[in-house]
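Since the structure comes first, as structure tokens, the remarks are kept for the end.
It should be emphasised that the depicted structure is a prediction, and the values quoted were computed from it without experimental measurement.
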Amino acid sequence: MHISNLKVRNFRAIENLELSFNKGLNVLIGENNSGKTAIIDLLRLIFDKVNYPHEIYWKESDFRVGSTDEIKPIEFEIKFKINNKNEKYWFNDLHIVEIDENNNMQDFLEIQGKITLINSNNSKKIKREFWGGKDFENKIPWEVWNSLNFTYLSPLRDVNRDLRPTDNNLLSKLFLNIADLKDDDYKEKMASIIKENFDNDEWIELLNEGKDKIITHLKEMNFIDDFQDIDINFSTFEYGDIVKKLILQLPINLDDETNKINYFNLYQNGLGYNNLIYASTIFGDIIQRKEILKQDYNLLLIEEPEAHLHPQLESTFFRYLQKLDMNNEFQIIVSSHSPTITAKTKLDNVIVMKNINNTIYATSIKDTCLKNEDKIFLKKFLDVTKSQLFFSNGVILVEGITEALLLPIFAKMLGEEYDLEKNGIEVIVTGISFQRYSGLFNSDDPNKRLNFKCAVLTDDDGDKKGLSDSRLNNLNKLSKNNFKAFIGRNTFEWELFKNNLNSDIIPKIFDKVHPRIRNNLKSNGTKFTPEILVKKLKKTKSEFAYELSEFLEKNYKTTDFIIPEYIKEAIIFVVDNHDE
């Protein structure tokens with residue numbers, strides 16, 4: 001089974017939010033303070049019920065502060081989609097049946113909860129209530145909680161602490177679980193063997209087995225030519241005590257004179273690689289623990305995997321997460337604000353989170369109006385740069401580099417309140433494939449569209465008769481809600497010239513790019529027209545746009561340059577970012 005739906009009310013910055021999840025990989029992306037960590041922590045707080053010691057606690061600061069002094073209870077509802085018919089009998093206390101939009105019966109398992117802050121005798125207490133299905137009296141059995149397993153990988157981890165030889169050592173957990181998969185007397189047998197000789201073949205074989213479980217994942221997340229090996233060494237004589245003293249080390253070279261291997265300790269290694277070692281140990285343990293405990297549900301929560309990893313390592317790490325998703329029966333929820341990870345993610349796995357005027361929104365890309373062919377197209381072209389649109393407060397799609405160079409200065413000329421960078425607006429070059437993006441923004445259901453605006457800036461290529469009629473008609477049909485096309489006559493450069501006939505700015509900038517053309521025209525008695533400008537700039541558009549942007553950047557407060565009206569409207573539409 002897997003979490004298919006989560007509803008939450010009054011938790012931290014979240015007033016009322018609903019998210020839908022995939023069976024395997026889910027990536028929560030968004031700007032800072034958009035609620036990603038809140039969702040990860042909420043799931044930790046719910047599923048941490050069976051862990052001891054607890055990793056996280058409900059706190060007063062978890063309750064949302066509203067416009068009044070009243071502190072409302074935190075409420076949540078988790079629906080699990082049943083993948084195996086036997087699951088609904090095992091979890092009978094959670095079982096519900098609902099009718100979907102196609103009038104079909106659907107089986108779900110459901111956990112609900114209510115967390116209340118109570119003032120009692122001048123002290124504050126937190127009351128937790130959990131129940132299964134729709135019946136408040138239906139308390140959830142311990143066996144059910146124990147079957148809902150989760151593992152959490154935090155950002156900025158203290159790997160030295162988490163892998164240090166202690167009672168709660170992550171490495172020792174791995175080896176204790178290896179023993180649980182073997183014979184009942186395995187631990188006693190190994191303790192007896194080790195008392196006699198640490199060079200015993202069975203002990204060495206055990207160490208290598210544990211090492212292999214880590215190395216398997218570490219290799220997948222690293223480069224072919226940049227792999228750094230690890231080793232595991234004894235750092236008392238019951239099996240449990242022995243594995244608590246195991247330490248991870250990094251072999252660096254072999255001393256030719258003594259034939260002895262020299263080692264780095266973890267604290268001497270870089271943070272990025274140490275985090276890969278930590279994640280590999282987690283992956284090695286979670287997969288074998290799934291075999292031991294036979295949990296019906298396994299959840300892997302990963303927060304900001306990009307911490308300490310450069311973009312190329314982010315890519316290999318995330319590619320391996322997708323491989324784990326395909327090969328193993330557990331659900332993965334990742335939070336990230338990395339465009340690199342976003343670019344590597346299938347669009348159906350992406351959930352965009354947004355904070356607009358202190359209201360948290362979440363949009364699952366799989367629920368938008370994007371067609372399958374649009375998703376295939378966008379997956380090819382949403383590189384790291386274009387993926388930044390998901391983190392923006394608005395986006396302007398343009399045909400080419402000319403518009404991309406000039407739009408930021410045009411916005412500043414409209415006034416400081418329209419500064420694109422200050423407003424978090426992305427300008428993205430898409431060619432003429434604008435309609436591919438429309439399904440992200442134009443659904444009539446506010447829950448199925450991105451909660452910021454997308455303006456398309458294009459022209460009708462009036463000098464090319466009939467070539468663009470169909471494209472423009474489609475754009476106009478798709479223009480609704482948060483998606484709108486703004487169309488100029490002829491080309492972008494033609495519009496700039498026609499709007500500035502009484503100014504010599506365009507001719508002077510043209511002369512910088514083509515110093516002799518206007519003089520030749522003048523000597524032949526030919527007038528310099530917008531049509532000539534467009535023709536001569538076919539191969540030098542970007543140079544012209546750069547020179548014009550440089551001039552306007554220096555003079556925009558005093559210049560009489562006129563911005564075409566359709567460009568003004570596009571900028572104002574996007575910056576005025578209220579979901580319509």
Side-chain angles (χ1 to χ4, degrees), residues 393-430 453-463 484-522 526-577:
N393 292 328
V395 61
I396 303 176
L397 306 180
V398 298
E399 289 189 27
I401 190 65
T402 304
E403 297 95 323
L405 285 169
L406 286 166
L407 277 182
I409 184 58
F410 286 171
K412 286 174 70 174
M413 291 170 67
L414 294 179
E416 289 186 10
E417 66 271 29
Y418 293 105
D419 187 307
L420 297 185
E421 186 174 340
K422 287 285 189 180
N423 281 285
I425 306 298
E426 285 290 327
V427 179
I428 296 178
V429 178
T430 63
K453 292 182 179 178
C454 175
V456 168
L457 203 60
T458 188
D459 50 65
D460 69 1
D461 288 328
D463 57 334
K484 190 171 181 179
F486 297 85
I487 302 169
R489 194 176 185 289
N490 284 310
T491 65
F492 183 71
E493 294 78 15
W494 189 93
E495 287 279 359
L496 296 182
F497 199 165
K498 289 296 289 185
N499 274 266
N500 291 277
L501 289 175
N502 297 323
S503 167
D504 63 352
I505 295 175
I506 295 291
K508 282 184 176 180
I509 298 299
F510 179 81
D511 288 346
K512 281 191 143 188
V513 179
H514 295 290
R516 293 188 294 274
I517 289 178
R518 276 209 316 133
N519 285 333
N520 293 338
L521 290 172
K522 192 174 182 179
T526 305
K527 188 178 179 181
F528 184 54
T529 65
E531 290 73 19
I532 291 175
L533 173 80
V534 171
K535 181 179 180 181
K536 297 299 181 182
L537 287 181
K538 277 188 176 179
K539 295 182 179 180
T540 53
K541 285 183 180 182
S542 59
E543 293 174 53
F544 175 81
Y546 172 77
E547 293 292 346
L548 180 57
S549 67
E550 287 288 292
F551 170 83
L552 293 176
E553 190 70 49
K554 294 174 183 176
N555 302 286
Y556 74 92
K557 291 185 178 180
T558 57
T559 184
D560 58 355
F561 187 87
I562 299 172
I563 303 167
E565 198 62 31
Y566 79 107
I567 298 175
K568 288 183 185 179
E569 291 173 359
I571 294 170
I572 292 169
F573 171 77
V574 171
V575 172
D576 182 19
N577 196 11

(message) Strictly distance-based, threshold 3.5 Å: is any side-chain N or O of Glu403 a donor or acceptor partner for the main-chain N or O of Gly400?
(response) yes
(request) Answer yes or no: are there more than 12 heavy-atom neighbours, outside Asn520 itself, under 6.0 Å from its atom CG? (result) yes
(request) With the side chain counted from C-beta on, respond yes when Leu457 and Leu407 share a heavy-atom pair under 4.5 Å apart, and no when they do not. (result) yes
(request) Output yes when a side-chain donor or acceptor of Lys498 lies under 3.5 Å from a complementary backbone atom of Pro530, and no otherwise. (result) no
(request) Answer yes or no: is there a side-chain heavy-atom contact under 4.5 Å between Val398 and Phe492? (result) no
(request) Keeping the roles fixed (side chain from Asn555, backbone from Phe551), state whether a donor-acceptor pair exists under 3.5 Å. (result) yes
(request) Work out which heavy atom in Ile571 is nearest to a heavy atom in Leu414; give both atom names and the distance. (result) CG2-CD1, 3.9 Å
(request) Using the side chain to side chain contact (heavy atoms under 4.5 Å, CB included) rule, pick out the option among Ile505, Ile506, Thr529 that qualifies with Phe497. (result) Ile506
(request) Look up atom CZ in Phe486 and atom CD1 in Ile396, then write down how far apart they are to the nearest 0.5 Å. (result) 9.0 Å
(message) Restricting to non-hydrogen atoms, name the atom on Asn500 and the atom on Leu496 that form the minimum distance, rounded to 0.1 Å.
(response) ND2-O, 2.8 Å
(request) Might you point out which heavy atoms bring Ile563 and Asn499 nearest each other, and give the distance in Å? (result) O-OD1, 4.4 Å
(message) Strictly by side-chain hydrogen bond (donor to acceptor under 3.5 Å, both in side chains), give each pair with a member in residues 533-549 just once, sequence neighbours left out.
(response) His514-Thr540
(message) Testing the basics here: between Cys454 and Val574, what is the closest heavy-atom pair and its distance to 0.1 Å?
(response) C-CG2, 4.5 Å
(message) So does Glu417 get a backbone contact from the side chain of Asn423, meaning a donor-acceptor N/O pair under 3.5 Å?
(response) yes
(message) Angle between ring planes, Phe561 versus Phe410, binned at 30° and 60°: parallel, tilted or perpendicular?
(response) parallel
(message) Measuring from atom CG of Leu420 to atom CD of Glu426, what distance do you get when rounded to the nearest 0.5 angstrom?
(response) 9.5 Å
(request) Answer yes or no: does atom CD of Glu421 have more than 12 heavy-atom neighbours from other residues, nucleotides or ligands under 6.0 Å? (result) no
(message) Distance check, rounded to the nearest 0.5 Å: Ile532 atom CD1 versus Leu537 atom CG?
(response) 11.5 Å
(request) Can you see which heavy atom on Ile425 is nearest to which on Val575, and at what distance? (result) CG1-CG2, 4.3 Å
(request) Can you see which heavy atom on Phe573 is nearest to which on Ala455, and at what distance? (result) CD2-CB, 4.0 Å
(message) Are the side chains of Ile572 and Tyr418 in contact, using a 4.5 Å heavy-atom criterion?
(response) yes
(request) Can you tell me which residue pairs pass the salt bridge (Lys or Arg N to Asp or Glu O under 4.0 Å) test with a partner in residues 405-415, sequence neighbours excluded? (result) Lys412-Glu553
